[in-house]
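Below is one structure, written out as structure tokens; the observations come after it.
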Amino acid sequence: MTKAFNFPLQKVLNVRTMVEDAKAIELQKAQAEIERERQNLSSIQAEKETAVQSDKTADTGGQLSLHQLSNRMEYVDQLNEQIEKQGEVIARSQEDAEVQRQAFVQASKEKMVIEKLKEHHQEAFKKKSNQDQVKAESEVASRISQNESGL
């Protein structure tokens, strides 16, 4: 009876798999953060568009005082600053995501190296098992042949 394949570096492979999984989760979180920041930017831009549209509708009526117009312009300027800052936040989030992506790729490569090594060990084990089986069958055939000729 042949023994089962036992990969000597299985614990290392298990650790590499866990590291890869953790890096994948971190990458997903970074990508989700980018999406959240983009949604924040969209909401700020929508708010600005609403403010600009309300200025245009108020301008057609011509009923805005100088103080009201000044307040609305300041508000639009604040929104423009928020849009700029949000763009910077998105850029930082994208940089962080790229770092996470690189870490994930590296962890995947390290895991793949161990998996390839395991495949090679497994193939060598199968080859050796097959050779042992052929050898055992040859010995059995040789004994049967000797027993038949000896009778």
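Taken to the nearest 0.5 Å, the CD atom of Glu139 stands 12.0 Å off from the CD1 atom of Ile144. The distance from the CZ atom of Arg92 to the CD1 atom of Ile34 is 12.5 Å, given to the nearest 0.5 Å. Taking CD1 from Ile83 and CG from Asn40, the interatomic distance works out to 12.0 Å, rounded to the nearest 0.5 Å. Taken from OG in Ser138 to CD in Gln133, the straight-line distance is 10.5 Å, to the nearest 0.5 Å. To the nearest 0.5 Å, the span separating CD on Glu137 from CG on Asn130 amounts to 9.5 Å. The CD atom of Glu37 lies 11.5 Å from the OG atom of Ser42; values are rounded to the nearest 0.5 Å.
Residues Gln78 and Gln82 bring no donor and acceptor atom of their side chains to less than 3.5 Å of each other. Checked by atom type, the side-chain pair Ser108/Glu20 shows a donor-acceptor distance below 3.5 Å.
When side chains are defined from C-beta on, Lys116 counts as touching Glu119, because their heavy atoms get closer than 4.5 Å. Between Glu47 and Ser43, the closest side-chain pair of non-hydrogen atoms is not below 4.5 Å. Arg101 is listed as a side-chain neighbour of Gln31, based on a closest heavy-atom distance under 4.5 Å. Between Gln100 and Gln28 there is no side-chain heavy-atom pair separated by less than 4.5 Å.
For Phe7, the ring-ring contact (aromatic ring centres under 6.0 Å, His included) criterion is met by His121, not counting sequence neighbours. Remark: Lys23 engages no residue in a side-chain hydrogen bond (donor to acceptor under 3.5 Å, both in side chains) (not counting sequence neighbours).
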Might you work through the side chain to side chain contact (heavy atoms under 4.5 Å, CB included) test for Glu33 and Asp96, ending with a clear yes or no?
CA-CA 10 Å; Glu33 179 67 22; Asp96 291 343; over 6 Å; no

Can you list the steps and then say if Gln102 with Val99 is a side chain to side chain contact (heavy atoms under 4.5 Å, CB included)?
CA-CA 5 Å; Gln102 293 299 325; Val99 168; 5.9 Å; no

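If you chain together ILVMFWY residues whose side-chain heavy atoms come under 4.5 Å of each other, Leu27 ends up grouped with Phe104.
Both Phe125 and Ile114 belong to a common hydrophobic cluster when Ile, Leu, Val, Met, Phe, Trp and Tyr are linked at side-chain heavy-atom distances under 4.5 angstrom. In the hydrophobic clustering of this structure, Leu9 does not group with Met18; members are Ile, Leu, Val, Met, Phe, Trp, Tyr whose side-chain heavy atoms approach within less than 4.5 Å, directly or through other members. Hydrophobic clustering keeps Val76 apart from Ile44 (ILVMFWY residues linked when any side-chain heavy atoms are closer than 4.5 Å, directly or through intermediates).
Screening Lys48, Lys85, Gln45 for a side-chain hydrogen bond (donor to acceptor under 3.5 Å, both in side chains) with Asn80, the sole residue that qualifies is Lys48. Partner Asn71 forms a side-chain hydrogen bond (donor to acceptor under 3.5 Å, both in side chains) with one of Glu74, His67, Gln68 and no other, that one being His67.
A donor-acceptor pair is defined here as one N or O able to donate and one able to accept, closer than 3.5 Å; no such pair exists between the side chain of Glu110 and the backbone of Arg16.
Closest non-hydrogen pair, Leu41 versus Ile90, comes out as CD2-CD1, 3.6 Å.
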